[in-house]
Amino acid sequence: MRTWPSILSTLLPALVLIGCQRETAFPPPPQATPKPYFARVMLDMTPGIPPPFGAAILAGVEPPAPGLNWRWLSSPASFSFELEDRVDWQLDIHLVVVDKVQQQLGHQRLIVNLNGKTLITQTLDKSGPVVLTLPAQPGPKPTLELQIEPCLPEPHSPPYCVLIQKVGWLRELKGEYK
Amino acid sequence: MTVLRILLGVSFVTIFCTAAGEFLLRALQLQLEPTGRRFAHFTLGAVLVSTFVFLLCATHQFRAALILPAGALTIAAWVRTCKPTFRPNFNLHLPPLWQALFWLPWTIFGLAYLIAAMAPETSPDGTGYHLGLVYRYYEHHGFYTLTTNMFAGLYQGLEMLFLAAFAIGKHSAAALVHLVFLLLAPFGILAIAKRMDEPKAGVLAAMLFYLSPVVAKDGTSAYIDTGTAVILLAAFFFLQTWATNPSLKTLIPAALLTGFAVACKLTAASFVLYAVFAVLTATLPWRARLRQTLQLLAFSSLPLLPWLVKDYLQFQNPFFPVLNRFFPNPFMYQLVEDEMRRIMAHVSDVPWSRLPWEATTGGQLAGILGPIFLALPLGLLALHRRSTRQALCASAFILLTYPSSIGTRFLIPALPFLALALSIAITRIPAIGTTLATLALTAHALLSWPPWLEKWSGHYQWRIDTLEWRSALRLTPETEFMRIHWPDYQRGLLLDQFVAPGERVFSPNMGQMAYQRRELIGTSDSALGRHVFLTYLMPFSPQLGNTWTRDFHFSATTTRAVRLTATTAPLDSDMRISEVRFYDGDHEIPRQPGWRLTASANPWDAPLAFDNLASSWWTSGDHTKPGMWLGVDFGEPTRLDRIVLHQQTDQRWMSIQPAFPSGDQWKLHPARYTPLETPRRASLRMETHHELWRLGIRWILMPDSQYGAPDVRDHAAEWGVAQVGMANDFRLWKLLPPE
């Protein structure tokens, strides 16, 4: 019976002392390197990443698959966006040219149409990732169309053209805060 | 089926507790009188069952498959050994009038309470942390470290009983366990009063307590105040037993219940002082009194010690979330604790002179006791009676902690004793005592009847506001009831639908934890929550978004360490520093791995002032005081003549000076500085996004009415967020991964 008070009276001050002796000095953390920051209105094909406000796939993109950050793109594929009314947006397109398609069909051609006008035409002659960042004047509600020629016919789905990872708009956040 | 599970859950816990309690009393060879017997068995058993569930939780073994057989075996052994009778006994050994005054309101209000408690649980704290934590312990099979919610550090003695019921009947079963305490309270009060030779006062006091609107609301919700009151009553009951037969075996139940009351609600700690007072002032030799006091403290620590240890291991503070000044930790800023205490001590800014009115009738303190309690001073008329002095003495000790939290429900633990003192005074008035008591009880019952409360008391009070028997019996589906009565329900469902387990959600406005399983970060629930909140405010608050630079120049000094010391008068705000840079001439001294960064308060955040990120910052987490500092030990003599500090503009009123070691002391070094304010950077929204991401936030849940929410909505691309859902005006934003 008499042991409990002694245990208690020993334990509580011990806890206090241990609390006082905890490590409270630290080395400098990893140093962040200065980098530009971008606002993005981007359709990301990675499952779980929601589309930004007003952005939508209108046509030409196959359904997503779990664990994959790309989806098959057929031609023509079209997308719509809503952007803040600012002028310094850039178009950003992340594609992957597929080796198997290139081997069977040879070079492919990408045509980017913005609001019905051709923005750029580019030859895709190497398999692997392709990132296009294009200055553009999109307007507040741009519609984007990607045409790929030729594409690989598939018996049970639209022809496979390239893989798409991301498509959308970005703007470097610099200058004055608005 | 749902109703059966609910009833099974509460019945299981009730009988388990009763069986365990009777076993302990048999082991102690204590015989009790009939009126208080079941009350004593249940409350004493609650201590044992709660501690048992604690041990299961601590070892991550809490499972229905374990608690059910354990309870069933105990109950079976109890039936076999103790041969309990289940035949109801309505004879209280009182005159017929007093029997009627007891049973009539007990039954009528009891039925109303049953309907209220069985309806889906929607009470604020019940659906916040009481059942929110119970739900999480149930899912995790026990305790887990949840350092982002201060309520996880509160002792949860009663919640352990809720958990046992929850495992079978979910939320309403837990609320019904609390109802059992409420239903038993009158028997406890009556038993105590009978021992004081005040049986009539016992009936009146029992009903004054039982019918009180705030007690009714609390006792029919998954709260803990009424339960704590009943545990205190039981402790008092056993202290009475001990007083007539002072021995260890009579002291043990009183001690266990006293400790358990603290394990249920920290504010009951003052009752320990009463128990010590009662033992020390007993008519015993002083050596015996001293010995029994130590025994009392030892046994009362048994139900409490596990909670102290748990809190120490999880939060580095055995009394978390209070006393953080004595047990500093990274999980709670002192500033937030002080704010919490200020809010609790000044509910609705009601001055002390208005407390009696608001607590009994007005309702500004969240709930009312009932106007009859305005007559409490009458209790002093019977001060010459020992029974009155005992009751008032116990209530005085319990109320010692009341100034720290002045909400009406914090009066509940003392209420039975106050009611007893008042009732003794009323029933002892010669000739008209019985009439007065009958009138008082009738008036109290009529004024407290839940459907009539709204007719005379203010709206928007904390009271039983719906008695829907169809919902109680689940004839109205639970989801339908929730949809109508409680907007937070559907907001919470968004989280389970979209948020992955383990991802943190910053929500300044919603505390619903009981019907969703994700980790909510509020603005005042933790150090992280406050840090996240201030970070979130930066883009739209110039006070936090603009940069205040102090460029200190001083005579070149070679030193091993430096402290940036506040020399200002005490301030309400915390001390914050975003970046610190040291220079020798024109050259910035590169940060070295050998440096040691620390601070006089909240040293855990000190590295954030040295990470080259303007959007992260060290905060003292405490009110700025003269002498408060952020420091660096260079590890070797280092020459410097300039220090540049970046802070948020709200820090501009503060005076800061560098200090260098000089012998055993630190000396402030004269330095002149040039202040410079720079406006918010265009990238601040995205920087804030990155900082929130670094702090572990993946989602934001808030309505457009939240300060800053329109900015997030209108500049979603700059914030790096996308809306994934909306429910009852709340948008759920997902933070997109930083590129």
Side-chain angles (χ1 to χ4, degrees), chain A residues 1-9 11-12 14-16 18-20 22-44 46 48-55 69 81-84 86 88-89 92 166 168-178, chain B residues 248 291 294-295 297-299 301-302 305 308-309 312 316-318 326-329 498 500 539 545 591-599 603-604 606-608 610-613 616 633 679-687 690 713-724 734 736-737 739:
Chain A
M1 284 304 120
R2 290 179 191 180
T3 53
W4 274 103
S6 58
I7 290 170
L8 196 67
S9 58
L11 195 64
L12 283 179
L15 289 177
V16 176
I18 293 165
C20 294
R22 202 165 283 275
E23 181 62 50
T24 52
F26 308 92
Q31 299 294 294
T33 48
K35 62 176 181 181
Y37 290 91
F38 292 90
R40 288 182 168 80
V41 179
M42 195 71 65
L43 283 164
D44 193 315
T46 309
I49 297 189
F53 177 77
N69 65 350
F81 299 90
E82 283 191 26
L83 302 177
E84 281 177 59
R86 296 193 191 181
D88 41 359
W89 289 103
D92 201 34
K166 279 188 276 191
W169 301 87
L170 56 84
R171 180 167 61 79
E172 186 174 352
L173 299 167
K174 59 184 180 184
E176 282 182 27
Y177 176 93
K178 288 179 188 168
Chain B
L248 182 59
R291 190 181 68 246
L294 291 176
Q295 288 169 340
L297 290 174
F299 278 97
S301 71
L302 290 181
L305 206 57
L308 293 167
V309 173
Y312 183 74
Q316 302 169 18
N317 174 1
F326 302 102
F327 298 92
N329 60 77
F498 291 108
R591 291 157 181 170
Q592 302 293 334
W595 289 14
R596 284 295 170 269
L597 318 171
T598 188
W604 301 277
L608 297 179
F610 299 87
D611 60 0
N612 221 18
L613 270 175
S616 70
D633 185 337
R680 284 169 285 180
R681 299 174 293 281
S683 57
L684 190 55
R685 292 188 183 95
M686 189 55 77
E687 288 179 51
H690 283 40
R713 182 196 60 205
D714 297 341
H715 300 279
E718 290 182 50
W719 274 89
V721 296
Q723 182 182 323
V724 296
K734 182 178 174 67
L736 302 173
E739 294 279 337

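Values reported hereafter were calculated over all heavy atoms of this structure, with side chains retained and with hydrogens, waters and symmetry mates removed. So that the names make sense, note that chain A is the first sequence line, chain B the second, and so on, each numbered from 1. None of these values were measured; they are calculated from a predicted model.
Both the backbone and the side chain of B:Glu687 have a heavy atom closer than 4.5 Å to some heavy atom of chain A. The parts of B:Arg680 that come within reach of chain A are both its backbone and its side chain, each placing non-hydrogen atoms under 4.5 angstrom from that chain. For A:Pro51, the part lying under 4.5 angstrom from a heavy atom of chain B is the backbone only. Interface residue B:His690: only side-chain heavy atoms are found under 4.5 Å from chain A. Interface remark: B:Pro539 contributes backbone and side-chain atoms alike to the contact with chain A (heavy atom separation under 4.5 Å). Residue A:Phe53: no heavy atom, backbone or side chain, is found under 4.5 Å from chain B. Proximity to chain A is absent for every atom of B:Pro679, based on heavy atoms less than 4.5 angstrom apart. Only the backbone of B:Asp714 comes within contact range of chain A, with at least one heavy atom under 4.5 Å from a heavy atom of that chain.
One distance of note links CE of B:Met686 with CZ of A:Phe38; it measures 10.0 Å at 0.5 Å rounding. If you take NZ on B:Lys734 and CD1 on A:Ile49, they are separated by 7.0 Å, rounding to the nearest 0.5 Å. The structure places CG of A:Leu173 at 11.0 Å from NE2 of B:His715, a figure rounded to the nearest 0.5 Å. With rounding to the nearest 0.5 Å, the separation of CG in B:Leu613 from OG1 in A:Thr33 is 9.0 Å.
Of the possible donor and acceptor atoms, one in the side chain of A:Gln31 sits under 3.5 Å from a partner among the backbone N and O of B:Phe610.
In terms of heavy-atom proximity, A:Gly175 sits nearest to B:Ala682 at O-CB, 3.3 Å. Shortest non-hydrogen contact noted between B:Ala717 and A:Trp89 is CB-CH2, 4.4 Å. Scanning both residues, A:Phe26 and B:Pro607, for their nearest heavy atoms gives CB-CG, 3.7 Å. Smallest separation of non-hydrogen atoms from A:Ala32 and B:Asn612: O-ND2, 2.8 Å. The nearest pair of heavy atoms linking B:Ala722 to A:Pro52 is CB-CA, 4.2 Å.
Legend: residues meeting salt bridge (Lys or Arg N to Asp or Glu O under 4.0 Å) with A:Arg86, ordered by chain and number and at least two apart, are A:Glu84, B:Glu718.
Chosen from B:Pro603, B:Gly594, B:Ala500, the residue pairing most often with chain A at heavy-atom distances under 4.5 Å is B:Pro603. Between chain A and the options B:Asp611, B:Val721, B:Val724, B:Asn329, heavy-atom pairs under 4.5 Å are most frequent for B:Asp611.
The closest side-chain heavy-atom distance from B:Trp604 to A:Thr24 is below 4.5 Å. At least one side-chain heavy atom of A:Pro50 sits under 4.5 Å from a side-chain heavy atom of B:Leu736.
Checked by atom type, the side-chain pair A:Tyr177/B:Arg685 shows a donor-acceptor distance below 3.5 Å.
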